[in-house]
Amino acid sequence: MRIERVKGTRDFLPVEMRKRRVIEAKLREIAERWSYAEISTPTFELAELFTIRSGEAILDEMYGFRDRSGRHLALRPELTAPVIRLYVNELKMAPKPIKVYYFGNCFRYEEPQRARYREFWQFGAEIIGSDRPEAEAEIIALAYTIIEELGIDAELHLGHVGLIREILRDAGVSDAMMGRVMRLIDKGARDELMELMQSMGIECDALMHIIDLRGGAAIEEARHITAHSESLEHLEQLQQLLDYYGVGYDLNLGIARGLDYYTGMVFEIYESGDRLGAQRQICGGGTYRLAALFGGDDAPSTGFAFGFDRLAEVYHMEENEPVRVVVVPVKNEPEVLQAAIRITSRLRAHFNTYLDVMHRSLSEQLAYANAIHASYAVIVGKRELAEGKVTLRDLETGEQHKITMDECIAQLKDVVVNAVVKRGTNI
RNA sequence: GCCGGGGUGUGGUAGAGGUAUCCCUUGGGACUGUGGAUCCCAAGACCUGGGUUCGAAUCCCAGCUCCGGCCCCA
């Protein structure tokens with residue numbers, strides 16, 4: 001009986017893994033340059049952590065289980081809640097703002113679709129301790145920079161739930177109804193929304209108008225409805241700062257979140273191509289107050305999370321096989337093998353180096369070197385040993401010559417350095 | 001939870017009732033100090049379980065799973 005991979009999970013083969021590592025390295029590097037520090041949280045948590053954040057309904061979509069003492073645990077379905085829990089547990093006293101990033105796998109018990117798996121990876125960043133426009137602008141700019149540096153063609157949609165909420169409150173929507181109304185706005189369910197508003201006896205033409213508008217016109221409209229709005233000022237400051245950063249975005253006040261703790265801006269990034277099918281969103285972010293829910297202070301945070309697998313799906317990486325060197329002992333005689341191992345060890349201090357473990361003949365070893373697309377062969381035989389040299393063979397051109405090990409290492413270093421310059425990596 | 005389309009060696013395929021084709025792959029051998037060749041040998045598949053039938057990869061049912069979509073999306 002063959003054991004199959006579990007539904008919605010994936011195996012990553014070397015080519016795919018190499019690509020993922022390249023992307024991951026870029027993401028980390030960018031975050032570090034922006035002065036964010038990495039944190040990591042456990043793969044499973046108390047299930048409560050996630051139900052507090054998202055409601056009991058998500059229990060159906062989590063991998064939950066009980067441990068021996070009966071605690072209800074769950075594989076993390078996302079990373080924002082664990083990060084804020086970590087803040088409350090460990091970092092409350094750290095100087096604000098706290099800037100962190102994270103990368104990790106998450107689990108959701110859903111039907112797999114294109115670019116949607118049961119185990120998936122998220123990369124995200126948070127600023128904890130500020131919900132000022134400056135913090136929001138930085139977070140958006142960071143997400144934008146990631147997209148740019150990865151060379152992904154995407155559009156950034158910016159909204160502001162604070163403003164929408166304010167307008168709704170002014171119009172007479174009660175706190176109790178707010179969540180439901182916001183969810184409908186988020187879904188874009190116009191008819192249902194109008195029905196609900198009418199049933200509450202609330203005039204909603206203006207609101208409907210605003211959430212349909214895009215760009216500056218929405219701001220104009222909002223200004224007419226709520227003359228003295230803090231949120232509006234806040235949004236305008238944010239826009240100003242985004243201009244300073246040179247971030248391109250589409251304003252869309254129809255972006256909402258169904259959950260109450262989102263307080264300020266929200267944004268989403270969509271990939272422009274069609275490689276993701278219906279799952280075009282590659283990033284979501286916003287400003288929220290979650291720490292108090294986990295027993296901490298009421299620190300505001302702003303952050304985002306990228307769907308790493310979707311980034312990997314749309315990221316174009318040039319074929320970049322690493323420069324590999326194969327050491328080829330000519331005969332399986334003790335002295336030749338001994339020399340080969342010594343030479344291999346020297347090469348391994350610098351290069352990706354392969355040595356036969358199949359007891360193969362010279363031609364078989366070269367055939368294998370070819371099969372794994374190695375770049376160079378270092379041939380070691382009695383003739384070379386007698387002269388204290390090795391034969392360095394370029395497997396692409398077939399050229400070869402006898403040189404000393406020092407020369408050999410120097411030449412290979414040249415090649416690897418050039419390869420790194422040319423494509424940025426020798427992974 | 002729902003809808004549509006698929007599952008044949010590692011991968012790609014042929015096969016439309018008579019236990020499987022070809023390519024590729026892998027291991028061994030020939031050759032033994034120069035590789036993508038050639039030749040020989042070997043290994044490897046009908047998603048699973050029922051049903052129909054003398055006989056099922058093929059037809060029927062159920063399940064699993066993959067691809068795409070709906071719902072959902074913290």
Side-chain angles (χ1 to χ4, degrees), chain A residues 1-11 13 45 47 49-62 74 76-84 106-118 120 122 124 179 183 186-187 189 256-262 266 268 274-286 288 290 293 303-305 307 310 326 328-333 336 356 358-386 390-402:
Chain A
M1 183 65 189
R2 184 163 140 170
I3 306 294
E4 300 293 343
R5 185 161 30 82
V6 172
K7 180 175 179 174
T9 63
R10 288 161 296 158
D11 293 317
L13 300 179
E45 298 264 4
L49 175 64
F50 304 109
T51 54
I52 287 178
R53 164 151 153 81
S54 310
E56 296 289 326
I58 61 155
L59 281 173
D60 293 338
E61 292 167 15
M62 292 198 300
R76 57 190 182 193
E78 46 103 8
L79 288 167
T80 307
V83 167
I84 298 304
C106 302
F107 305 84
R108 292 184 190 178
Y109 208 142
E110 304 181 289
E111 284 312 302
Q113 294 174 36
R114 188 203 289 223
R116 192 162 167 178
Y117 306 97
R118 288 187 171 178
F120 60 97
Q122 282 192 341
R183 265 189 294 280
D186 190 32
K187 273 173 75 172
R257 293 286 141 92
L259 299 165
D260 294 336
Y261 46 77
Y262 282 96
V266 289
E268 295 168 350
D274 57 0
R275 298 182 48 150
L276 294 176
Q279 310 297 330
R280 288 178 54 231
Q281 189 178 342
I282 53 179
C283 179
Y288 56 90
L290 205 49
L293 284 177
F304 63 75
R310 294 180 185 178
V326 173
V328 181
V330 173
K331 282 222 195 322
N332 290 296
E333 292 169 357
V336 175
D356 175 56
M358 299 284 279
H359 201 79
R360 281 174 162 149
S361 71
L362 173 65
S363 61
E364 282 176 320
Q365 290 188 56
L366 287 171
Y368 181 76
N370 180 60
I372 64 171
H373 303 124
S375 309
Y376 291 90
V378 174
I379 299 169
V380 186
K382 281 188 176 167
R383 291 177 204 164
E384 285 81 1
L385 289 181
V390 296
T391 296
L392 178 62
R393 179 178 176 85
D394 183 327
L395 292 169
E396 271 156 45
T397 65
E399 287 168 30
Q400 64 179 48
H401 42 272
K402 273 188 209 165

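Not counting sequence neighbours, the partners of A/E45 by the salt bridge (charged side-chain N to carboxylate O under 4.0 Å, His left out) test are A/R85. Under the side-chain hydrogen bond (donor to acceptor under 3.5 Å, both in side chains) criterion, A/E78 pairs with A/R53, not counting sequence neighbours. Scored by the salt bridge (charged side-chain N to carboxylate O under 4.0 Å, His left out) test, A/R108 finds no partners at all (sequence neighbours excluded). Annotation: salt bridge (charged side-chain N to carboxylate O under 4.0 Å, His left out) contacts of A/K331 (sequence neighbours excluded): none. Partners of A/Q281 under the side-chain hydrogen bond (donor to acceptor under 3.5 Å, both in side chains) rule, at least two apart in sequence or in another chain, do not exist in this structure. When the side-chain hydrogen bond (donor to acceptor under 3.5 Å, both in side chains) test is applied to A/D11, the partners found at least two apart in sequence or on another chain are A/R5. By the side-chain hydrogen bond (donor to acceptor under 3.5 Å, both in side chains) test, A/K7 pairs with A/E111, sequence neighbours left out.
Within 4.0 Å of A/G8, counting heavy atoms only, lie sugar-phosphate atoms of the nucleic acid but no base atom.
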Only distances under 3.5 Å count here; give the side-chain donor-acceptor pairs of residues 375-384 of chain A to other protein atoms, sequence neighbours excluded, each with its distance to 0.1 Å.
residue, atom, partner, partner atom, Å
A/K382, NZ, A/E333, OE1, 3.1
A/E384, OE1, A/G381, N, 3.0
A/E384, OE2, A/T391, OG1, 2.5

Give the table of side-chain donor-acceptor pairs shorter than 3.5 Å for residues 364-372 of chain A, with sequence neighbours excluded, one pair per line with atom names and distance.
residue, atom, partner, partner atom, Å
A/E364, OE1, A/S361, N, 3.1
A/E364, OE1, A/S361, OG, 3.3
A/Q365, NE2, A/P329, O, 3.1
A/Q365, NE2, A/R360, O, 2.9

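Not a single donor-acceptor pair, N or O on each side, falls under 3.5 Å between the base of B/C72 and the side chain of A/R183. With hydrogens and angles ignored, no donor-acceptor pair under 3.5 angstrom links the side chain of A/R257 to the base of B/A74.
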Find every protein N or O atom lying less than 3.5 Å from an N or O atom of nucleotides 67-70 of chain B, and list the pairs.
residue, atom, partner, partner atom, Å
B/G68, OP1, A/R114, NE, 3.1
B/G68, OP2, A/R114, N, 3.1
B/G69, OP1, A/A278, N, 2.7
B/C70, N4, A/Q113, NE2, 3.2

Interface polar pairs with nucleotides 39-44 of chain B, N/O, under 3.5 angstrom:
none

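Across all strands shown, B/U38 forms a Watson-Crick or G-U wobble pair, both distances under 3.5 Å, with B/A30.
Separating the NZ atom of A/K7 from the P atom of B/C66 is a distance of 6 Å, rounded to the nearest angstrom.
Nearest-nucleotide positions on RNA chain B for A/R5 and A/T80 put A/R5 closer to the 5' end.
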ask   = In B/S/- notation, 5' to 3', how is nucleotides 23-35 of chain B contacted by protein heavy atoms closer than 4.0 Å?
value = ----S----BBBB

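Around atom OH of A/Y109, no more than 12 heavy atoms belonging to other residues, nucleotides or ligands sit under 6.0 Å away.
A salt bridge between A/E110 and A/R116 is present, with a side-chain N of the basic residue lying under 4.0 Å from a carboxylate O of the acidic one.
Taking 4.0 angstrom as the limit, A/K187 places none of its side-chain polar atoms (N or O) nearer than this to OP1 or OP2 of B/C73.
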